[in-house]
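Report on the structure given below.
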2 protein chains.
Amino acid sequence: MRLLVVEDDPRIGEDVRTVLTAAGYAVDLVTEGRDAWFRGDTEDYDLVVLDLGLPNMDGISVLKQWRAAGRHMPVLILTARGSWAERVEGIDAGADDYLPKPFQFEELLARVRALIRRSVGHGAATIEIGELTIDTRTMRVAQNGLPLNVTPLEYRLVSYLAHHRGRVVSTTELQDHVYGDDFSRDANALEAMVARLRKKLGAEAITTRRGFGYMMGA
Amino acid sequence: MRLLVVEDDPRIGEDVRTVLTAAGYAVDLVTEGRDAWFRGDTEDYDLVVLDLGLPNMDGISVLKQWRAAGRHMPVLILTARGSWAERVEGIDAGADDYLPKPFQFEELLARVRALIRRSVGHGAATIEIGELTIDTRTMRVAQNGLPLNVTPLEYRLVSYLAHHRGRVVSTTELQDHVYGDDFSRDANALEAMVARLRKKLGAEAITTRRGFGYMMGA
DNA sequence: GCTTCGCTGACAATTCGCTGACGGCCGTCG
DNA sequence: CGACGGCCGTCAGCGAATTGTCAGCGAAGC
């Protein structure tokens, strides 16, 4: 899962990134409204955390333009506590939820999880594919009920494939969502990870579409 | 045990949180109805203390929606003294007990304990994991019946892990619950505490899942 | 058959978490 | 008032798990 965090205060932004990264998401962080708009318009994100007070182009406008351009990713806006008008404006502009600042990171996490779950359409916190169970709340993967020891990056990979079960996911898309902005990896790194995963989950859990990408589920 | 306190008066809310925290519970406090509903809907609480007069979405509606969504955690509602109608309405909506305001904190504590005990089923105020016993009433930890000398912060840590046995608790979540809003600590502080705890409880009492967090129990 | 793409085992680099030591803070006791 | 001891945060070095890189191999597609 790949997230865009838009927050002009660098300290808060970094903290949020850290928390979300720890929770298993690939996080891109930008601090200016224009950059935010551009990123959201040109890249594919599973969710956006959007602060409203931004230099250069304010959050509400950014959000409105995304929606006007037909971008439907869930957006969670951060508002000043008690600023009722901001919230209403945000919801009207197309936000899916709001979180008053200051907030507990745990609450941020809960909302992010809930929004992603809702947007993907799985009501439950677990995804089942064949004999595999992916619990997004505890970040665990189990096979026939037996927990598997999956590393953080491996989890990101299965989790993304599982959320998009039944569809072929290209390697570039996968890289984006597993690594975020971090371009430095060799293309082979993904393949190596897939290999390691197959050793744990069973070879047939992930199928390869040569020239296209990977897929989970029928 | 993790509790949600919903109370719009910040002074009362803080007092209640303080009392319950001192009693060894991990307490989340929210002041608005919508936030309360969201939290109760997305997070796991062992009990909710719910004030009825709330901004944004009233307590009865919150409670009804939780029950309609199949959430069964015990709910203790706070009502105005003598407001018979409110009580009836609350119980009808699915509350498990009520406490008329103003109340003594001792009474609140007693009812909270009673409700939690009832909901756990067997009146045991202790959690047992392997050879460890965590007594939530006295905030003591014992191993094979022998009391261990556990410091306050250490107790919060084991207690939180014990209450969430069987699931991996991320370090950020753990930090939230051990330190509250206090961001200033080095990440290493937790690790040091875990190390000290393991020396007391035995190394296998707390397992590490690298990259994810810590866990107690199977 | 040849080329390209992807797989895999081995190895290296890096990151993460553990631990012993130290020191600051604070409450208690002589 | 000063010394002592408990609690807990910080530091630095170590070891191990995770992840990236490389090289060779096999299979698919033309």
Taking C-beta and beyond as the side chain, do B:Glu154 and B:Lys200 meet within less than 4.5 Å on heavy atoms? yes
Between atom [atom1] in [X] and atom [atom2] in [N], what is the gap in whole Å?
X: A:Asp186; N: C:dA10; atom1: CG; atom2: P; answer: 19 Å
X: B:Leu153; N: D:dG6; atom1: CG; atom2: C1'; answer: 13 Å
X: A:Arg198; N: C:dG9; atom1: CZ; atom2: P; answer: 12 Å
X: B:Arg209; N: C:dC18; atom1: CZ; atom2: P; answer: 14 Å
X: B:Leu157; N: D:dC7; atom1: CG; atom2: C1'; answer: 15 Å
X: A:Arg156; N: D:dT19; atom1: CZ; atom2: P; answer: 9 Å
X: A:Ile206; N: C:dG6; atom1: CD1; atom2: P; answer: 15 Å
X: B:Lys200; N: C:dT19; atom1: NZ; atom2: P; answer: 15 Å

Mind checking if B:Arg196 touches a base, just sugar-phosphate, or nothing, with heavy atoms under 4.0 Å?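 Base contact.
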Under 4.0 Å, counting only non-hydrogen atoms across every strand here, what does A:Ala192 touch: a base, just sugar-phosphate, or nothing?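 Touches a base.
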Measuring from the side chain of [X] (C-beta onward, heavy atoms only), which nucleotide among [options] has the closest atom?
X: B:Tyr179; options: D:dG20, C:dG17, D:dG9; value: D:dG9
X: B:Thr151; options: D:dC8, C:dG6, D:dG9; value: D:dC8
X: A:Pro152; options: C:dG6, D:dT19, D:dG9; value: D:dT19
X: B:Glu191; options: C:dG6, C:dG17, D:dT10; value: C:dG17
X: A:Asn188; options: D:dG20, C:dT8, D:dT10; value: C:dT8
X: B:Met193; options: C:dT8, D:dG9, C:dT4; value: D:dG9
X: B:Ala189; options: D:dG9, D:dG20, D:dC7; value: D:dG9

Test item: [X] side-chain N/O and [Y] main-chain N/O as donor-acceptor pair under 3.5 Å:
X: A:Glu7; Y: A:Leu29; value: no
X: B:Arg165; Y: B:Glu128; value: yes
X: A:Arg156; Y: A:Val178; value: yes

Side-chain N or O of B:Tyr214 versus OP1/OP2 of C:dC18: is the shortest distance under 4.0 Å? yes
C:dC7, OP1 or OP2 - any side-chain N/O from A:Lys199 closer than 4.0 Å?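 For A:Lys199, the contact criterion (side-chain N or O under 4.0 Å from OP1 or OP2 of C:dC7) is not met.
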Can you see whether B:Arg39 engages B:Tyr45 through a side-chain donor-acceptor pair at a distance of less than 3.5 angstrom?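 There is such a pair (donor and acceptor under 3.5 Å, judged by atom type) between the side chains of B:Arg39 and B:Tyr45.
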Mapping B:Ala195 and B:Arg210 onto DNA chain C by nearest heavy atom, which one lands closer to the 5' end?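 Closer to the 5' end of DNA chain C: B:Arg210.
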